[in-house]
Structure formats: C-alpha cells, structure tokens
Q: 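Let me give you the structure first, and then I'll get to my questions.
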Amino acid sequence: MAPGPTADVWYSLFNLYTTAAVAINILIIIIFIYFLYKYRGYRADSSAGGIDAKKLAIVFVIVSAIIFYSLEFYTLNAMRFVEEVPENPDMVIEVDAFQWAWKFIYPNGTESLGTLKVPRGTLVLFKVTSLDVHHKFGIPALKASIDAVPGRINYLWVRFDEPGTYTVRCYELCGLGHANMMAQIIVT
Ligand SMILES: [Cu+2]
C-alpha cells in the first residue's frame, strides 16, 4: 500500500499506463502473427484478400483516439486531484527553504529546523516559500513536490497514512549544499 493518497494516485496511473501498453502490445503482436500466417504466399502487389483498408484505417484511428483520450482523462484527473488545494486542511505548516536547509513553522508559531512531527492521517497543507534562491520541496515517498520560490507562496497538500520517518529532499539544484538539503518528517 502506498503511504498516502498523492502516491496512490500516481501509482494507479502508472499501473493504468503499464496495463494499457502491455495489452496493446500483445494485441498488435497477435494481429501481426495472424496476418503473417493468413497472407503467407501473397505477393506484395496483390489485393489484401478482401479487407477494406480504408474501413480498417478508420477503425484504428477511432480506437486509438478512444484509448489516448481515456488515458489523457485519467492523467488530467490525477493532476487535478494532486494540485487542488484543500479548503479545510487539518494542519497548515509553513516551510521556509534556504541554502541549505528547511525550516518548518507550526500553526502555533513554533519553529523547527529540519524536523517536522505530524500525526498519521492528518491532512497537511504546506505553504512553501524560499528565503534565497529557487528550491523545490519534495517528499519522495509520497510522490509529492512543489517549487520553493522567493517572494511566492506555493501550496502542497499531503496525507501520511503510514507512521514512520519520511525524508524531505530538495528537487532543485540550488548550490553547493543541494545534495544534503534534507529534512525529516516524523509521522506518529
Ligand atoms: Cu535547495
């Protein structure tokens, strides 16, 4: 099970694409082998044995369009789900990114450098900004990330369904200490 809904939605999208790709591949290979067998011995300039190529082309275009638009639909839905800022989060945490660490500010004003504690199952809304250069606040396990830009507040919501310690990483190359720009989120 994924540790939160943001990860869930990307994993199910990944499974959908993989299933579609595998199914289409198998179908194409079967059709390919079938035609190879059926038209063995036909010369290249002979007719295609009664198959209306024009009709076939139209069917292929329509079926492809349905598949592509369905995938597009699920993809856009997943993006909207992830990007929509919840109106009533359980907890709002301010995040200040700077070279090269993360500062968390709890709703009561308490500040914490590099460690955040949240209860499991809480809908957390991060208000992310940067005090110097561009950074990107990312939680790999939840497949969630958002730009940290000076002078701007960006929103990222997550929910941790599994207790444990989660790593925060910077996803934007931001100078010498970038690789070590990490923090911990402890879910109790
Ligand atoms: Cu950074």
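Counting starts at 1 for both ligands and their atoms, following the listed order. The shown structure was predicted, so the numbers you read here are calculated from the model rather than taken from an experiment. Starting from 1, each residue takes its place in the sequence as its number.
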Q: Between Phe137 and Trp102, how do the two ring planes meet: parallel, tilted or perpendicular, split at 30° and 60°?
A: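 Perpendicular.
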Q: Between atom CG of Leu142 and atom CH2 of Trp10, what is the distance when rounded to the nearest 0.5 Å?
A: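 The CG atom of Leu142 sits 13.0 Å away from the CH2 atom of Trp10.
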Q: Going by the rule side chain to side chain donor-acceptor pair (under 3.5 Å), which residues pair with Asn25 if we only count those two or more places apart in sequence or in a different chain?
A: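 With neighbours one apart ignored, the set is empty.
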Q: So, using ring pair (Phe, Tyr, Trp, His ring centres under 6.0 Å) as the criterion, who are the partners of Phe81 when residues are at least two apart?
A: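 So Phe81 forms a ring pair (Phe, Tyr, Trp, His ring centres under 6.0 Å) with Trp157.
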Q: Listed by chain and number, what are the ring pair (Phe, Tyr, Trp, His ring centres under 6.0 Å) partners of Tyr166, not counting sequence neighbours?
A: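 By the ring pair (Phe, Tyr, Trp, His ring centres under 6.0 Å) rule, Tyr166 matches Phe160.
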Q: With 2.8 Å as the limit, count the protein N, O or S atoms near the Cu ion (ligand 1).
A: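 That number is 4, waters not included.
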Q: Dump the intermediate steps for salt bridge (Lys or Arg N to Asp or Glu O under 4.0 Å) on Glu111 and Lys103, then the final yes or no.
A: CA-CA 7 Å; Glu111 296 184 357; Lys103 187 167 82 182; 3.6 Å; yes
